[in-house]
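Worksheet: one structure, shown below.
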Amino acid sequence: MNLYLREAETLRRILDELADKGAVKGDVPPAEKILVEAPRDEKFGDFSSSLALVHASAMGVKPPELAAQVAEKLAEMEHVQSAAVAGPGFINWKLTPTAWQETLRELLAHSITFPNIGGGRRVNVEFVSANPTGPLTMGHARGAVIGDALATLFSRFGWQVVREYYTNDAGGQIEILARTVELRMKEAQGTDIGEIPAGLYPGEYLKPIGERLAAQAESAGAAPSGDEIARFAVAEMMSLIRDDLNAVGIRHDRFSSDFKLREDGAVEEAVKQLEADGHLYRGTLPKPKGEDAADWEPREQLLFRATEFGDTDDRPMQRSNGEWTYFAGDIAYHYDKHKRTEGRLIDVWGADHGGYNQRIASALKAVTRGKGELDIVVCQIVRLFRGKDEIRMSKRAGEFVSLRQVVDEVGADALRFTLLTRKPSAPLDFDLNAAVEKSLENPLFYVQYAHARTHSVLRLAREQFPELRDENFFAQADLTPLVAPAELKTIAALAAAPRVFQAALEALEPHRITLWLRDLAGEFHALWSQGREETQLRFIVADDLRLTAARLALVLAVQRGLRVGLEVIGVRPLDEL
RNA sequence: GGUCCCGUAGUUCAGCAGGAUAGAACAUCGGAUUCCUAAUCCGAAGGUCGGAGGUUCGAGUCCUCCCGGGACCGCCA
């Protein structure tokens, strides 16, 4: 249950009442238009609404008057402790302890529930999609983790999700891959191949693939063709990549092939569609501005009218030698994805695709006649550190840190959590040391520690009070002893979950969940520490089952809350450290 | 030349849909050990939200321009 929406609904009913009495004129805004939020400063209470500031004039009253009338009605309500007008017309109110206790009871009965926003609609989340020419690097890790968390979020909110990987298994780089693997095969057959020539892939990871290809060639009794080598190499690389992803706990539902799409004529189909609507023409691009334009020559080619969709230039669909551009292939792929998804499309891209998103978004609009819904999440780069020292990665120089190396060092959980501590659009520094440090600087540790503490306290409590071994006991527990501000605040933090998670979904920013987890853990640690100074404030109070049960009910709710958040971001909660 | 992203406390960053006196953490300083794990907690101090305009009752948030940092962009994939 989303408390904020419930309170907005309360406000709407109050407005209706005022309108019936003729106290206000005009239209009462729907609950969705009434903003209810948690005030920044606690002293303003539990909830705050700018309703009077926003809607007063439409209702024919002055903001302070409307606010005063609403506040008066609010204060009379049973679940409201107090309500007041502040500043230019804010309405602030506080719930009674009883109302918070009821909120907790509901959390115990249903845990944290999310509204069914998706309603079974379909969403396709495409992420990673690294070229199958090498193992995954730390550059891919961020998109992998963000995409996976987004996909989980969508399914929690009632969407039917497909996790997709688009394999770029056609084009020049695959030829290079095939040529390298052929060399590695010859090497395995005993030929001295010397150094891997410049322009090919020098990595050792292609050696075992060459060996397997050699073995296959021997049993087949014939040398494989170039095409066969390419298909073989891609299949092997994809299995390597899948292993890397599995190590982080990521599994895609579907792997699409650029090669197959082209073979099936998908590009021609998309081109036909665009041509029918007049989005294509033969023309010449203007000379690009900037430095090295010396060898530029004007050439006529097939162009897409991207400028009609707000792009700065029209974009080439075909190279001068007649081959389709990568852009054309991408349009075909997105068109295909749109047709089979019949719903929303989400692409999670790396920073290196930064300027490409509008182009593909406008092309999808064109090819689907405005029907395609595509959101693109561009993840900024990850800089890798060990303490203060940056580990530089350069793809060109072949120096990169593989995803696998980092997972082996810090574990999948630390990798996932750390990569979800910043919004996708902000650059992120990943410190290999800090990610596993057992200190406050490490938010994952802080959260896991809170979760472990909930376990240890529940375990101890159950030793003292056997009644508590039955979880149903908590559902029936008398919660009225929970009145301390810190306790009510913790319930409020839990109750904020649906709203935070929904905001994460709508903004496509799963990092908001890790921030919320840290907040909740903080509330819990604070609660715990109260017991140090005063024994009566401990969770377990000897000889007082009623008090202990109420507090433990809160602990249990925190535990479940932490677990729900960790599950969405794909981190395993630890029962003990 | 162009596109995208970032600029908030000494540092790393939050800031939810434009809302009140801009929040945390780290570092600094001062506290908490007969106690469910002190791997934590409580408190203090710390700010011209890069700059200038604009929209608005109200701007860190939206718009324009400028400055600084980053990622990219040519019939490469």
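So you know, we letter chains A, B, ... as the sequences are listed, proteins then strands, and number each from 1.
Using N1 to N3 plus N6-O4 or O6-N4 for Watson-Crick, or N1-O2 and O6-N3 for G-U wobble, each under 3.5 Å, B:U64 pairs with B:A52. Under the Watson-Crick or G-U wobble criterion, with both distances below 3.5 Å, B:C72 is paired with B:G2. B:U37: no Watson-Crick or G-U partner with both key distances under 3.5 Å is found in any strand. The base-pairing partner of B:G30, taking Watson-Crick or G-U wobble contacts with both distances under 3.5 Å, is B:C42. B:C57 is paired with B:G19 under the Watson-Crick or G-U wobble criterion, all donor-acceptor distances under 3.5 Å. Nucleotide B:A24 has B:U12 as its partner under the Watson-Crick or G-U criteria, with both atom distances under 3.5 Å.
Among the protein residues, A:R453 comes within range of the sugar-phosphate backbone only, with heavy atoms under 4.0 Å from sugar or phosphate atoms but none that close to a base. Across all strands shown, A:N131 has heavy atoms under 4.0 Å from sugar-phosphate atoms exclusively, and none from any base. Contacts of A:A38 with the nucleic acid, taken as non-hydrogen atoms under 4.0 Å apart, include base atoms. Backbone-only engagement by A:Q173 is indicated by non-hydrogen atom pairs under 4.0 Å involving sugar-phosphate atoms exclusively. As judged by a 4.0 angstrom heavy-atom cut-off over every strand, A:Y446 is placed among residues touching the sugar-phosphate backbone only.
Rounded to whole angstrom, the span from the CG atom of A:L51 across to the C1' atom of B:C57 amounts to 15 Å. We find that CG of A:N357 is positioned 8 Å from P of B:C4, with the value rounded to whole Å. If you measure from atom CG of A:L537 to atom C1' of B:C41, you get 13 Å, rounded to the nearest angstrom. Computed from coordinates, the A:Y449 OH to B:U37 P distance equals 8 Å when rounded to whole Å. Atom CD of A:Q530 and atom C1' of B:C36 are 14 Å apart (whole Å). If you measure from atom CZ of A:R315 to atom P of B:C72, you get 17 Å, rounded to the nearest angstrom. The separation between A:E437 atom CD and B:A39 atom P is 15 Å, rounded to whole Å. In this structure, CG of A:D431 is placed 18 Å from P of B:U11, rounded to the nearest angstrom.
Between A:K94 and A:D46 no salt bridge is recorded (no basic side-chain N to carboxylate O distance below 4.0 Å). Using a cutoff of 4.0 Å between basic side-chain nitrogens and carboxylate oxygens, A:E9 and A:R6 are not scored as salt-bridged. Ion pairing between A:E509 and A:R512 holds under the 4.0 Å rule for side-chain N and carboxylate O.
Side-chain N/O atoms of A:Y326 and A:D258 include no donor and acceptor closer than 3.5 Å.
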Working note: A:F385 + A:F430, criterion ring pair (Phe, Tyr, Trp, His ring centres under 6.0 Å); need CA distance, chi angles, decisive distance, verdict.
CA-CA 6 Å; A:F385 286 78; A:F430 190 109; over 10 Å; no
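Listed pair A:S456 / B:U37 meets the phosphate criterion, a side-chain N or O lying under 4.0 Å from OP1 or OP2. Distances shorter than 4.0 Å separate none of the side-chain N or O atoms of A:R538 from OP1 or OP2 on B:C36. Close to B:G15, at under 4.0 Å from its OP1 or OP2, lies a side-chain N or O of A:H511. Between A:S425 and B:C6, a side-chain N or O to OP1/OP2 separation shorter than 4.0 Å is present.
The six-membered or imidazole ring of A:F417 lies away from that of A:Y446, with a centre-to-centre distance of 6.0 Å or more.
At least one test fails for A:R315 against the ring of A:F327: distance under 6.0 Å to the centre or angle within 45° of the axis. A cation-pi arrangement is absent between A:R319 and A:W324 under the rule of less than 6.0 angstrom and at most 45 degrees off the ring axis.
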Please enumerate all protein N or O atoms sitting under 3.5 Å from an N or O of nucleotides 19-28 of chain B, with distances to 0.1 Å.
| from | atom 1 | to | atom 2 | distance (Å) |
| --- | --- | --- | --- | --- |
| B:A20 | OP2 | A:R40 | NH1 | 2.7 |
| B:A20 | N6 | A:S48 | OG | 2.4 |
| B:A20 | N6 | A:N92 | OD1 | 2.7 |
| B:A20 | N1 | A:N92 | OD1 | 3.1 |
| B:A20 | N1 | A:N92 | ND2 | 2.8 |
| B:U21 | N3 | A:K43 | NZ | 3.3 |
| B:U21 | O4 | A:K43 | NZ | 2.3 |

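For the P atoms, the distance linking B:C57 with B:G43 amounts to 40 Å, nearest Å. Spacing of C1' atoms, B:U21 relative to B:C49, comes out at 15 Å, to the nearest Å. Using C1' as the reference atom, B:G46 and B:G30 are 15 Å apart when rounded to the nearest Å.
Taking the six-membered ring for Trp and thresholds of 30 and 60 degrees, A:F524 and A:F539 have nearly parallel ring planes, at less than 30 degrees apart.
The nucleotide whose nearest atom lies closest to any side-chain atom of A:D352 is, among B:C72, B:A77, B:C16, B:C72.
Nearest-nucleotide assignment on RNA chain B puts the 5′-proximal partner with A:V500, out of A:R319 and A:V500.
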